[in-house]
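Since the model is a prediction, treat every value here as computed from it, not as a measurement. Residue indices begin at 1 and follow the sequence shown.
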Amino acid sequence: MSLETIWLLLLGLLLVGYFVLGGYDYGVQMLQRGLAHGESERRLALNSFGPFFLGNEVWLVATAGVLMGAFPKLEGALFTGMYAPIAVIVGAVVLGTVSVQLRSRHGSRAARAVWDTLALVGGLVAAAGWGIVLGLLLHGLPMTARGTFAVGAAELLDPFVLLCAATTLTLFAGHGAAFIAMRTRDALRERATRTGRSLLAAAAVLAVATAVLGAAGGVSARGWAAALPAAALVVALGVAALALTRRAPRLAFAASCCAAGLPVLIVGFGLYPNLLSSARDGGPSLPIAHAVADTATLQLLLPVAVLMIPLLTAFQMVSWWAFRVRAGSRPPTYL
């Protein structure tokens with residue numbers, strides 16, 4: 001296996017980890033205000049992910065580090081051409097993180113309501129924003145012969161891109177509902193179960209609609225291999241919805257985890273052997289070989305990645321084991 005392939009797999013692994021773990025963060029942020037009735041239930045919903053909250057964002061930081069170190073041309077093109085959507089996503093992530101941590105520091109009901117609304121906005125914008133980025137990558141970008149591009153209103157408002165945003169928004173919301181159902185109890189758990197079932201079923205419908213629209217518009221012509229993870233996404237969403245119907249929240253969350261990570265594979269399979277492709281047929285693209293750093297750099301960074309990624313994974317597993325008890329079984333001291 002070549003160094004290019006190893007680093008591409010590492011990048012994909014980190015992105016999948018971020019979508020799975022960060023995805024339910026955004027889902028809980030979107031749902032806690034509507035699902036929870038009263039302050040005690042709202043604290044219960046937030047404390048369901050309290051012990052893992054900041055640790056989940058580490059995967060995004062690690063992804064950015066791999067992009068800058070191993071794929072500098074891809075990082076430069078993405079952060080320049082998609083500056084506006086990426087800046088909005090980062091701002092939403094920061095807004096949600098701050099809001100979730102500060103809302104319980106205030107005794108005023110009005111102040112908490114403001115922070116709850118800001119947390120909802122942060123989760124919603126981040127979830128939809130990543131859908132826009134994935135949709136743009138699949139649809140193709142207005143690339144020049146020099147490998148540069150600038151995303152404008154026409155690209156952002158493309159129906160396929162907007163449908164991708166609706167799909168990830170609904171997917172992450174359903175993922176968060178499955179997480180709340182697994183981590184809480186009583187009335188909140190029941191409401192999360194009913195809401196999650198509807199959201200996951202809706203996400204499956206939206207995923208099918210996105211695939212149909214993409215095929216009709218020629219989006220899938222650049223990568224029919226993406227059809228396999230796309231079909232797996234619909235199946236995973238269906239399994240998650242069915243599991244919630246049968247009151248099996250752990251199975252539902254496992255299936256929604258698979259669903260949350262599959263969009264990364266859809267984009268990877270759809271673009272391969274490129275990392276960026278042009279919206280014009282036969283237009284310029286950015287192949288993996290041109291996006292990756294030189295061999296000496298990859299060899300220098302590889303021991304760091306080999307050490308850090310297992311440590312990151314182990315830390316996440318230890319956190320989940322240490323805080324495996326459902327929220328509400330102990331005083332809500334996290335958030």
Side-chain angles (χ1 to χ4, degrees), residues 1 5-29 48-71 74-75 78 86 89-90 92-94 96-97 100 122-123 126-127 129-131 133-134 137 167-169 171-176 178-179 182-183 203 226 229 232-233 236-237 240 250 252-272 275 301-324:
M1 185 181 296
T5 304
I6 291 174
W7 277 103
L8 187 62
L9 291 175
L10 290 176
L11 178 63
L13 174 64
L14 290 171
L15 277 172
V16 167
Y18 169 63
F19 271 52
V20 169
L21 299 171
Y24 72 71
D25 279 357
Y26 306 141
V28 174
Q29 288 173 218
S48 68
F49 74 168
F52 323 113
F53 184 52
L54 292 178
N56 292 343
E57 303 300 339
V58 173
W59 292 80
L60 178 59
V61 176
T63 299
V66 169
L67 270 177
M68 289 186 287
F71 299 92
L74 174 63
E75 179 264 336
L78 280 177
I86 290 178
I89 291 171
V90 172
V93 171
V94 173
T97 302
V100 167
W130 285 119
V133 170
L134 296 179
L137 293 175
T167 302
T168 56
L169 174 63
L171 165 58
F172 286 166
H175 188 32
F179 180 80
M182 182 184 69
R183 290 279 296 166
L233 171 61
L237 288 168
R250 290 186 178 181
F253 181 68
S256 68
C257 283
C258 295
L262 280 167
V264 176
L265 299 185
I266 292 172
V267 173
F269 285 14
L271 295 180
Y272 189 84
L275 291 178
L301 294 176
L302 188 59
V304 178
V306 170
L307 176 65
M308 293 305 297
I309 292 178
L311 285 176
L312 179 59
T313 305
F315 169 78
Q316 204 78 47
M317 294 174 66
V318 169
S319 296
W320 272 82
W321 176 255
F323 298 100
R324 62 190 181 277

What do the steps show when you test Tyr26 against Leu169 for side-chain contact (heavy atoms from CB on, under 4.5 Å), and what is the final call? CA-CA 9 Å; Tyr26 306 141; Leu169 174 63; over 6 Å; no
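Side chains of Trp59 and Val16 form no contact here, defined as non-hydrogen atoms less than 4.5 Å apart. Put simply, the side chain of Thr5 reaches to within 4.5 Å of the side chain of Leu9, judged on heavy atoms. At least one side-chain heavy atom of Leu78 sits under 4.5 Å from a side-chain heavy atom of Leu137. Side-chain contact between Val58 and Phe315: absent, with no pair of heavy atoms (C-beta onward) separated by less than 4.5 Å. Contact check for Phe172 versus Phe19: side-chain heavy atoms found under the 4.5 Å cut-off.
Contacts of Thr313 classified as side-chain hydrogen bond (donor to acceptor under 3.5 Å, both in side chains), with partners at least two apart in sequence or in another chain: none.
Tyr24 and His175 have perpendicular rings, their planes meeting at more than 60° on a 0 to 90° scale where under 30° would count as parallel.
Val100 approaches Gln29 most closely through the heavy-atom pair CG2-CG, 3.9 Å. The nearest pair of heavy atoms linking Thr167 to Ala203 is CG2-O, 4.2 Å. Across every non-hydrogen atom of Ala62 and Leu312, the tightest pair is CB-CD2, 4.4 Å.
One finds the CG atom of Leu275 at 8.0 Å from the CG atom of Leu11 (value rounded to the nearest 0.5 Å). The structure places CG of Leu171 at 5.5 Å from CG of Leu237, a figure rounded to the nearest 0.5 Å. To the nearest 0.5 angstrom, Thr63 atom OG1 is 10.5 Å from Leu10 atom CG. Atom OH of Tyr272 is separated from atom CG of Leu265 by 14.0 Å, given to the nearest 0.5 angstrom.
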